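Here the structure is a predicted model, which is why all the values come from computation and not from measurement.
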There are 2 protein chains.
Amino acid sequence: MTIEFQHSDRTQDALRASHLYYLQDLTMEAIARELGTSRSSVSRLLSYARETGLVDIQIKSPLDQATVVSDALHRRFNVVAHVVPVPDQTTDVDRLDRVALSAARILTQFVDSNMVIGVAWGSTVSAISRYLVPKATHGSMVVQLNGAANTRTTGIVYASEILRRFGDAFGAQVQQFPVPAFFDDPDTKIALWRERSTKRVLELQESMDVVLFGIGAADALVPSHVYSGGYLERTDHESLLHDGVVGDVATVFFREDGSSSDITLNRRASGPDFATIRRAPRRVCVVAGTSKVAGLRGALAAHLITDLILDESTARALLAGQSDEGPS
Amino acid sequence: MTIEFQHSDRTQDALRASHLYYLQDLTMEAIARELGTSRSSVSRLLSYARETGLVDIQIKSPLDQATVVSDALHRRFNVVAHVVPVPDQTTDVDRLDRVALSAARILTQFVDSNMVIGVAWGSTVSAISRYLVPKATHGSMVVQLNGAANTRTTGIVYASEILRRFGDAFGAQVQQFPVPAFFDDPDTKIALWRERSTKRVLELQESMDVVLFGIGAADALVPSHVYSGGYLERTDHESLLHDGVVGDVATVFFREDGSSSDITLNRRASGPDFATIRRAPRRVCVVAGTSKVAGLRGALAAHLITDLILDESTARALLAGQSDEGPS
DNA sequence: AACCCCCGTGCACATATGTGCACGTGTAGG
DNA sequence: CCTACACGTGCACATATGTGCACGGGGGTT
């Protein structure tokens, strides 16, 4: 008639080990004894617990003494900045990786149950998706921000892989958006936008709680997908140049001052317009590498960003510019 | 004209090191190179960051697969249980210590800015106070639940030391309650309760967001202060026995069924009545050692507890009893 | 039944981390 | 100016942790 206290599950052991290790400061040796197993197994249990998100490690920069840089960003652009320390001479590839790793872990804190999470699928978001720390939530939904198909591929595999990673990590349902990144004919877009299946996605986008995106920039050293993946024609590039575009967010282009009206290509873009993005209370932008500064500046001017995760050099480059935006 | 990015502060280094270590998985060696210091200093920086609460490590038992025990407690008593793994043969002193360590770290998660935090000052809470992890908050207030003076000492030093630790850890103001634990004459209490200085404390207690307390039990192996510290006379003990008391929370006694009416001694107790405690949305009870099970059962019956932190054996002992409380 | 594959385990070794100690620097006081 | 002291640093060593490898026990297949 005794109640059974089996800890059959590997997770149970991991939980217990984590508690003993992180909450009671026992050594792995001691934990091994309590669990009746070998020290190495404990080491593995703990890695498992970390990978699985059973253990969650957060860094809290005391708000009153945040770093000078992040503080300056807050004052200048009215965003919460998470500055990722990366040595200056790091290559842009490594830089992206390190920023993505940090971003993935920071992102976890923003996600919770019953949220609608919009994600783009550029190289930045893709990198992040590889490092996501699982967090169990209920009733959440991951929605794709913009289409992925281009003239060479449907892009589905690539984009859906990214989406799937997000869905897996947060136990969320995934809503794909199976349309081209850019339409050939704006009228097709208009027509498709009237379809009920499309509308469902658009409505989800309207109710996003969190949006995650990078910045597209033509001259990034790690080229953004949109500019290198066969999505745009030569004439498109010329059109962008002509319209004074400095970058894009989820296929929607903008100028350095944040304006995006009368940019021809936007009529064919599949991404959400900026009003939709701004409707989300938390809008997380991740940027690695100074080549995206101009674009970033535009996105800030457009008030697309509430939380900015970026590497240190980029933060400096951003601050080095003179134009003040100030809290609106 | 370059902006200065000094990281003069030790905290800044610690923050950066923590980011690199916990968010980017760099080795301390690598961090030392980036910071231009020795590996040992990095090790020290990281300890500093942990002690200081710059880094916050949480264990999240996925709600859908919480341990069997904590789950059973939830169903049986409608509390969120945090079961601290402790080997069965541990002495009660060690047991208290380990539970207190875990409790201190769990407690951090419950505290936030602008909260009123009520704390008792028994041996359990005292142990917890020694392990608190600092967490910067603003506008918080720590309020003492019950008086501490007795016939031998004013108790002020002891209780205030505990209170101070809480205040320090959370950057909170401290509100002491300089009255006897038990009055000799109930009328003195009534009179004093009308004083404005007393009323201020009582009002604070009415608006507590979090309460932290242990369980007092006469037969605990690590004797509760109230029963051993010269607070009660022989006749008092007899009176308690006569009234069927199984324990107390902050000097207020109750029976196994949770009732506390007509317990003579309560008229002389300085602690808040149970209605006041129940007004707090989060009521954290910490218990180590099976000798307190009877008392704990009473406190549960009185609905004094929303969050229960206890060691494993005690949890089992609690469950081993047959009486069901069930969600109310 | 015999076989094989998958998985979890402990061992032994390679790394990574923690810490006593001695040194050097800066500051307050004599 | 000298002395004393507090504090932070790196070194060297002691511990603690991570990981490749080989072993062995289910469970499914032939």
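Contacts between chain B and DNA chain C, taken as any atom within less than 4.0 angstrom of a protein heavy atom, begin and end at C:dT17 to C:dG20.
A heavy atom lying under 4.0 Å from DNA chain C marks the following residues of residues 35-45 of chain B, by number: B:Arg39, B:Ser40, B:Ser43, B:Arg44.
Interatomic distance, B:Leu212 CG to B:Leu107 CG, rounded to the nearest 0.5 Å: 5.5 Å.
B:Glu51 pairs by the salt bridge (charged side-chain N to carboxylate O under 4.0 Å, His left out) definition with nothing, not counting sequence neighbours. A search for salt bridge (charged side-chain N to carboxylate O under 4.0 Å, His left out) contacts involving B:Arg44 returns nothing, not counting sequence neighbours. Checked against side-chain hydrogen bond (donor to acceptor under 3.5 Å, both in side chains), B:Asp94 has no partners two or more places apart in sequence or in another chain. Listed by chain and residue number, nothing satisfies the side-chain hydrogen bond (donor to acceptor under 3.5 Å, both in side chains) test with B:Ser47 (two or more places apart in sequence, or in another chain). Contacts of B:Asp97 classified as salt bridge (charged side-chain N to carboxylate O under 4.0 Å, His left out), with partners at least two apart in sequence or in another chain: none. With sequence neighbours left out, the salt bridge (charged side-chain N to carboxylate O under 4.0 Å, His left out) criterion links B:Arg98 to A:Glu34. In this view, A:Gln58 and A:Asp56 satisfy the side-chain hydrogen bond (donor to acceptor under 3.5 Å, both in side chains) rule, not counting sequence neighbours.
Residue contacts shown for A:Tyr48 are absent, as no nucleic acid heavy atom lies under 4.0 Å away.
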